[in-house]
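Report on one structure; see the data block that follows.
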Amino acid sequence: MTVRNCGLLLILSLLTLIQAGCIAGGDMVQANAEKFLVAENVTPELTDRILHMKQLSAEEFAEFSKSPDSYVRHLIARNPYIPKDLMARMADDVIRVKRGVASNWSITPEIIGQYLKNKKLYWHLAENPGVPEQVLLTIFHSENMQQPYLSAFACNPRCPLPIRNAIIESTNDLAKRCLIQTDQWKKEGVFDKYPLFIKP
């Protein structure tokens, strides 16, 4: 699996794909959501905004958060512009939607605390730059969490130094490639263009 650079447009895709290839399944989410939206005759312009995590109106967020399609709800839950009260409600949806919430760069401390009780969501928390460093370290030091999760941590532009060092010293080639690409984007200032999603 390779990490591909799609320019600035990739930042929007990061919210779905996380480094465009570090995590398998992002393409499937978008493809299935798009298939449903097209079948429902949703306009191309609105479909594009849903697929690429762009700003939606309060009414659009409310409508599509109730979509019968869990792939669409995943994308809505992952959209960093989602109202916090709606994100909180979606945090108790099915696992696919919970993964969207866990990957949302605007995730709230309350939801992070809730999701730390569910190891099925650790991967998505690990890749999320909106998750505080201490929480990332807690996940990393959890039992049997280091090696399987290195690729997720590597895709996080706020990967803590102890975890970075573990990646560099590991034999996980995918994680190392993700880390190199993430560092390159950081040098290019790509993430700096989106301060709304990268919290202090």
Handout entry: Heavy-atom side-chain contact between Glu40 and Asp69 under 4.5 Å
Key = no
Handout entry: Greater than 12 external heavy atoms within 6.0 Å of Lys186's NZ
Key = yes
Exercise for the section: Please check if the side chain of Thr182 supplies one atom and the backbone of Asn156 the other of a donor-acceptor pair under 3.5 Å. Expected result: no
Exercise for the section: Check step by step if side chain to side chain donor-acceptor pair (under 3.5 Å) holds for Glu110 and Gln114. Expected result: CA-CA 6 Å; Glu110 293 78 15; Gln114 175 184 340; over 6 Å; no
Practice task
Please check if Val29 and Ile95 belong to a single hydrophobic cluster, counting links between Ile, Leu, Val, Met, Phe, Trp and Tyr side chain heavy atoms closer than 4.5 Å.
Solution key: yes
Fill in the blank from the handout: In terms of heavy-atom contacts, Asn128 and Gly130 come closest through OD1-N, 2.7 Å
Handout entry: Heavy-atom check, side chain of Pro132 versus side chain of Ile112, under 4.5 Å
Key = yes
Exercise for the section: Could you state whether Leu46 and Val38 fall into the same hydrophobic cluster, counting links through intermediate Ile, Leu, Val, Met, Phe, Trp or Tyr residues with side-chain heavy atoms under 4.5 angstrom apart? Expected result: no
Problem - CG-CG distance between Leu137 and Leu161, expressed to the nearest 0.5 angstrom - result: 9.5 Å
Practice task
Mind listing the closest non-hydrogen atom pair of Ser70 and Arg96 along with its distance?
Solution key: OG-NH1, 2.6 Å
Exercise for the section: Look at the rings of Trp123 and Tyr149 and say which category their plane angle falls in: under 30° parallel, 30 to 60° tilted, over 60° perpendicular. Expected result: tilted
Problem - Ile163 side, atom CD1; Leu179 side, atom CG - distance, nearest 0.5 Å - result: 11.0 Å
Problem - Nearest-0.5 Å distance, CG of residue Asp93 to CZ of residue Arg73 - result: 4.0 Å
Practice task
Decide yes or no for Asn79 and Ile50: does some side-chain heavy atom of the first lie under 4.5 Å from some side-chain heavy atom of the second?
Solution key: no
Exercise for the section: Evaluate the side-chain proximity of Pro160 to Gln134: yes if any heavy-atom separation is below 4.5 Å, no if none is. Expected result: no
Exercise for the section: Check whether any side-chain heavy atom of Leu121 sits under 4.5 Å from a side-chain heavy atom of Arg99, and report yes or no. Expected result: yes
Practice task
Could you tell me which non-hydrogen atom of Ile107 sits nearest to which non-hydrogen atom of Val101, and how far apart they are?
Solution key: CD1-O, 3.6 Å
Completion exercise
Closest non-hydrogen atoms of Leu150 and Ala166, given as atom of the first, atom of the second and distance, are CD1-O, 4.4 Å
Problem - Arg49 side chain vs Lys54 backbone, donor-acceptor pair below 3.5 Å - result: no
Practice task
Check each of Glu188, Lys187, Gln181 against Gln184 using the side chain to side chain donor-acceptor pair (under 3.5 Å) test, and report the only one that passes.
Solution key: Glu188
Practice task
Would you give the length of the straight line joining atom CE of Met87 to atom CG of Asn104, rounded to the nearest 0.5 angstrom?
Solution key: 4.0 Å
Practice task
Return yes if some donor-acceptor pair links the side-chain N/O of Lys176 with the main-chain N/O of Ser170 below 3.5 Å, else return no.
Solution key: yes
Practice task
Answer yes if Phe153 and Ile180 sit in the same cluster of Ile, Leu, Val, Met, Phe, Trp and Tyr residues linked by side chain heavy atoms under 4.5 Å apart, and no otherwise.
Solution key: no
Practice task
Spell out, yes or no, whether Met28 and Ile76 are grouped together once hydrophobic residues are joined by side-chain heavy atoms under 4.5 Å, including indirect joins.
Solution key: yes
Problem - Value rounded to 0.5 Å, distance of SG in Cys178 from CG in Asn172 - result: 8.5 Å
Handout entry: Under 3.5 Å donor-acceptor, Tyr81 side chain and Phe61 backbone
Key = no
Completion exercise
Closest non-hydrogen contact found for Ala126 with Ile139 is N-CD1, 4.4 Å
Handout entry: Leu37 side chain near Phe64 side chain, heavy-atom distance below 4.5 Å
Key = yes
Completion exercise
Minimal heavy-atom distance between Met90 and Ser65, with the atoms involved, is SD-CB, 3.7 Å
Practice task
Drop me the distance from Thr47's OG1 to Gln30's CD, to the nearest 0.5 angstrom.
Solution key: 11.5 Å
Handout entry: Check: Ile82 and Ser106 side chains under 4.5 Å, non-hydrogen atoms
Key = no
Exercise for the section: State, with a plain yes or no, whether a side-chain heavy atom of Leu75 is found less than 4.5 Å away from one of Leu51. Expected result: yes
